[in-house]
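Shown next, in structure tokens, is the structure this report addresses.
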Amino acid sequence: MVNRQINLKNAVFAAFILALCLSVPGFTDSYMLRVFNIAWITCLCVLSNYVLLGMCGQNSFAQAGLWGVGAYITANVVMKLGLPPLVALILAGLGSGFLAFVLGFAFFRLRAYYFTFASVGLMTILNGLFMNWTPYTGGALGISNVPSFSLGSLVVKTEKANYYLIFVVCVIAYLLIKKLYNSALGRSFMAIRDNEMAANCLGINSLLTKSIAFGITGILCGVAGALYAFLSGYLSYQTFTYQQSTMYLIMLMLGGTSAPSGAVIGTMIISLLQEWVRPLQNYMQLFYGLGIVLLMIVQPEGILGGGRALYEKWLSRRKPASTVAQ
Amino acid sequence: MRNGSAAENRPVLSLSKVSKRFGGVVAANEVSFNLYAGEVLGLIGPNGAGKTTLINLITGVTPADEGVITLFERDVTKLPTHTRAKLGIVRTFQHPRILDRCDVYTNLAVGADLASRRRAATRSGRQARLEQLLELAGLDEVNLRDPIDKLSYGQQKLLEVVRAMLSEPVVLLLDEPAAGLNRAEMAHIVKLISLATADKIAVLLIEHAMDLVMSICHRVTVLNFGQQITTGSPAEVQNDPQVIQAYLGGAASAAR
Ligand SMILES: Nc1ncnc2c1ncn2[C@@H]1O[C@H](COP(=O)(O)OP(=O)(O)OP(=O)(O)O)[C@@H](O)[C@H]1O
Ligand SMILES: [Mg+2]
């Protein structure tokens with residue numbers, strides 16, 4: 001009974017959030033809508049960070065690189081091979097995912113935090129490739145005029161159409177991650193995060209499982225890259241940078257690593273904040289730095305953790321009788 | 001327990017001259033024993049005797065220097081830990097290793113996941129098995145959606161045994177499951193071990209609480225400085241002067 005009530009409450013809340021998100025194109029101009037589109041694409045990468053760091057406890061700085069891999073695969077598949085955009089999107093996800101999975105096998109052989117070091121190296125190498133591998137990346141000039149996404153005769157050209165496309169992909173990714181959380185694979189990620197030795201003794205293969213987590217990261221970032229290529233039409237190595245990877249991490253830390261909604265909250269707050277305080281752009285790095293340090297001291301679980309603490313405080317204040325009774 | 005057909009007399013787990021050295025410390029010195037289905041083999045010895053090390057060697061957490069470990073006559077000595085677990089060698093830890101950021105349900109489910117991964121037939125359907133084990137462990141009142149740190153230390157140790165048993169193990173290695181538990185919790189441990197033997201699981205039990213060892217072990221083997229002193233029935237071992245000497249040290253000799 002109580003459970004049903006909670007479920008109903010959750011459903012109403014989810015419906016409200018969904019309606020709010022779907023109505024965004026109704027009250028924004030095309031500039032602001034572009035900001036939202038980029039934010040949702042970013043959200044996919046931050047969600048991938050949630051899977052790898054939040055669930056599996058492994059920290060990578062290569063996400064922006066994998067994002068770029070997805071984007072360049074898309075451009076090449078559509079423009080050089082002439083295949084349909086949907087095929088390019090799928091190949092971008094699979095290609096970037098496969099690359100991450102295979103590299104995961106090499107990197108996770110290294111102990112503990114050396115994976116993070118290796119990911120920094122990977123980010124640097126990928127960025128170098130984007131800048132120099134001219135036949136496939138356009139080198140320093142980049143790739144222009146990537147066609148828009150289309151499905152048959154349906155062309156996703158306008159900012160608004162792109163919004164719905166990107167948002168739907170985000171919702172699908174979010175639901176799949178929720179499903180992952182409640183699956184044996186998701187539990188094996190969390191077991192590795194919380195106690196690797198116990199995980200091994202419960203039949204979980206660390207190397208394989210971590211590589212799968214990194215592979216999923218690659219898929220999400222790759223798909224994000226494809227969406228970015230379709231949306232922007234122009235790819236430059238200056239987009240897919242180490243700084244961008246750091247940004248994903250900051251967004252996740254701000255939102256909180258305990259649930260995928262943390263990734264969404266963190267991404268949206270920072271993406272929109274960046275717009276609203278654009279005049280102060282030069283000081284943003286400083287704000288982030290100070291903000292994150294403060295956050296880690298005051299509420300290391302991010303906004304999600306802070307929200308939960310407030311909620312529990314409110315519950316205990318509302319029903320003081322039951323606490324006394326115990 | 002162990003009588004009757006020839007098939008039942010085949011050991012499940014077998015250690016043959018297994019040794020492990022840590023620098024100058026000999027933690028296991030040519031240890032050999034057989035473990036049979038449905039029996040509880042007690043492993044006792046003073047602190048630092050090498051009991052935990054032996055479980056680490058059997059599970060592959062630490063590699064053996066020498067010797068052979070077989071499961072149903074298959075050599076598992078060189079296999080990685082997760083593979084051994086998938087073959088049915090499952091353990092608990094002296095200090096509980098729970099998933100501290102997960103809820104109670106997830107902590108239990110990772111055990112059941114191992115059963116699915118190794119395609120072990122669940123004895124009575126997953127949900128029924130879970131309920132049965134939780135009741136025996138005295139954890140049936142616990143809300144499965146609670147964070148794990150709401151459980152007491154004793155409950156966490158009991159949960160570890162339940163988690164191990166949910167994986168439908170062939171060999172169950174228990175490292176001091178009753179240490180730090182109160183009387184009531186200890187009774188739950190006994191119930192769980194009884195179920196394990198009834199289910200024909202081969203149990204290796206490290207324990208300091210001698211009354212527990214004496215009441216539920218079919219055989220006991222005694223370790224001192226990595227050396228096996230003796231193996232026998234609880235009564236035989238209890239009265240072995242060598243054991244009294246090793247286990248109680250100077251105190252016993254002085255008392256006599
Ligand atoms: N990983 C390790 N590295 C070095 N030495 C170790 C290691 N593990 C155990 N030892 C040493 O091996 C010996 C046996 O330790 P072990 O933990 O197996 O004893 P134990 O019988 O389980 O003792 P207790 O009853 O206190 O749990 C000790 O001298 C210990 O210091
Ligand atoms: Mg020990």
Side-chain angles (χ1 to χ4, degrees), chain A residues 2-4 6-7 10 50 53-58 105 108-109 178-212 256-259 262 300-302 304-305 308-309 311-312 315-316 322-323 326, chain B residues 55-56 58-62 79-103 105-120 126 143-145 147-150 156 159-160 163-169 171-173 175:
Chain A
V2 176
N3 253 337
R4 198 169 297 170
I6 292 174
N7 279 343
N10 283 350
Y50 163 75
L53 180 62
M55 285 177 85
C56 200
Q58 313 299 313
F105 258 89
F108 287 120
R109 275 179 202 285
K178 280 263 182 197
K179 218 173 165 62
L180 177 68
Y181 186 92
N182 290 312
S183 70
L185 181 63
R187 284 192 288 272
S188 64
F189 290 171
M190 294 186 276
I192 285 180
R193 176 196 68 195
D194 287 352
N195 204 317
E196 193 162 348
M197 192 200 279
N200 296 158
C201 290
L202 287 163
I204 294 164
N205 179 345
S206 289
L207 182 61
L208 177 65
T209 308
K210 289 178 191 171
S211 301
I212 292 174
T257 55
S258 58
E301 288 293 313
L304 275 188
R308 194 164 300 145
Y311 179 67
E312 265 160 28
L315 272 188
S316 67
S322 69
T323 345
Q326 283 173 357
Chain B
I55 287 193
N56 287 342
I58 297 170
T59 51
V61 168
T62 36
L79 296 181
T81 301
H82 64 89
T83 311
R84 295 191 210 192
K86 270 177 260 183
L87 292 172
I89 301 178
V90 180
R91 71 178 291 179
T92 66
F93 296 86
Q94 191 165 346
H95 305 287
R97 283 180 172 265
I98 50 158
L99 313 184
D100 50 6
R101 283 177 62 193
C102 294
D103 57 8
Y105 173 80
T106 305
N107 268 276
L108 292 166
V110 284
D113 288 341
L114 174 55
S116 327
R117 214 171 292 132
R118 48 189 294 256
R119 295 188 183 77
R126 225 162 137 157
N143 181 356
L144 294 185
R145 284 299 167 197
I148 193 74
D149 51 20
K150 283 219 172 151
Q156 291 183 4
L159 178 131
E160 252 206 351
R163 178 173 79 182
M165 287 187 65
L166 279 172
S167 74
E168 305 292 340
V171 174
L172 181 59
L173 311 164
D175 197 347

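Chain naming here is simple, since letters A, B, ... match the order of the sequence lines and numbering starts at 1 in each.
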How many angstroms lie between [atom1] in [X] and [atom2] in [Y], if you round to the nearest 0.5 Å?
X: A/L202; Y: B/R163; atom1: CG; atom2: CZ; result: 5.0 Å
X: A/M190; Y: B/L99; atom1: CE; atom2: CG; result: 8.5 Å
X: B/H82; Y: A/I204; atom1: NE2; atom2: CD1; result: 10.5 Å
X: B/N56; Y: A/M197; atom1: CG; atom2: CE; result: 6.5 Å
X: A/S188; Y: B/R117; atom1: OG; atom2: CZ; result: 6.0 Å
X: A/L185; Y: B/D113; atom1: CG; atom2: CG; result: 10.0 Å

> Does OH in A/Y181 sit with more than 12 non-hydrogen atoms of other residues, nucleotides or ligands closer than 6.0 Å?
Replying inline: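 No, because the 6.0 Å sphere around OH of A/Y181 holds 12 heavy atoms or fewer from other groups.
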> Can you name the side-chain contact (heavy atoms from CB on, under 4.5 Å) partners of A/A259, sequence neighbours left out?
Replying inline: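 Applying side-chain contact (heavy atoms from CB on, under 4.5 Å) to A/A259 gives A/S261, A/L304.
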> Between A/R193 and B/C102, does a side chain to side chain contact (heavy atoms under 4.5 Å, CB included) hold up when you go through it step by step?
Replying inline: CA-CA 10 Å; A/R193 176 196 68 195; B/C102 294; 3.6 Å; yes
> Looking at B/T59, B/L87, B/V61, B/N107, which one has more heavy-atom pairs under 4.5 Å with chain A than the rest?
Replying inline: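 Among B/T59, B/L87, B/V61, B/N107, the one with the most close pairs to chain A is B/V61.
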>> Looking at A/N195, is its backbone amide N or carbonyl O close enough to the side chain of B/R97 to form a donor-acceptor pair, meaning the two atoms are under 3.5 Å apart?
In response: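 A pair under 3.5 Å: no.
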>> Does any backbone or side-chain atom of B/I98 lie under 4.5 Å from a heavy atom of chain A? Answer side chain, backbone, both or neither.
In response: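 Just the backbone, heavy atoms under 4.5 Å.
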> For the candidates A/C201, A/A198, A/S206, which exhibits the highest count of non-hydrogen atom pairs separated by less than 4.5 Å from chain B?
Replying inline: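 Top count of heavy-atom pairs under 4.5 Å with chain B: A/C201.
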>> Do B/R101 and A/T257 make a side-chain contact, defined as non-hydrogen atoms from C-beta onward lying under 4.5 Å apart?
In response: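 The answer is yes; the side chains approach within 4.5 Å.
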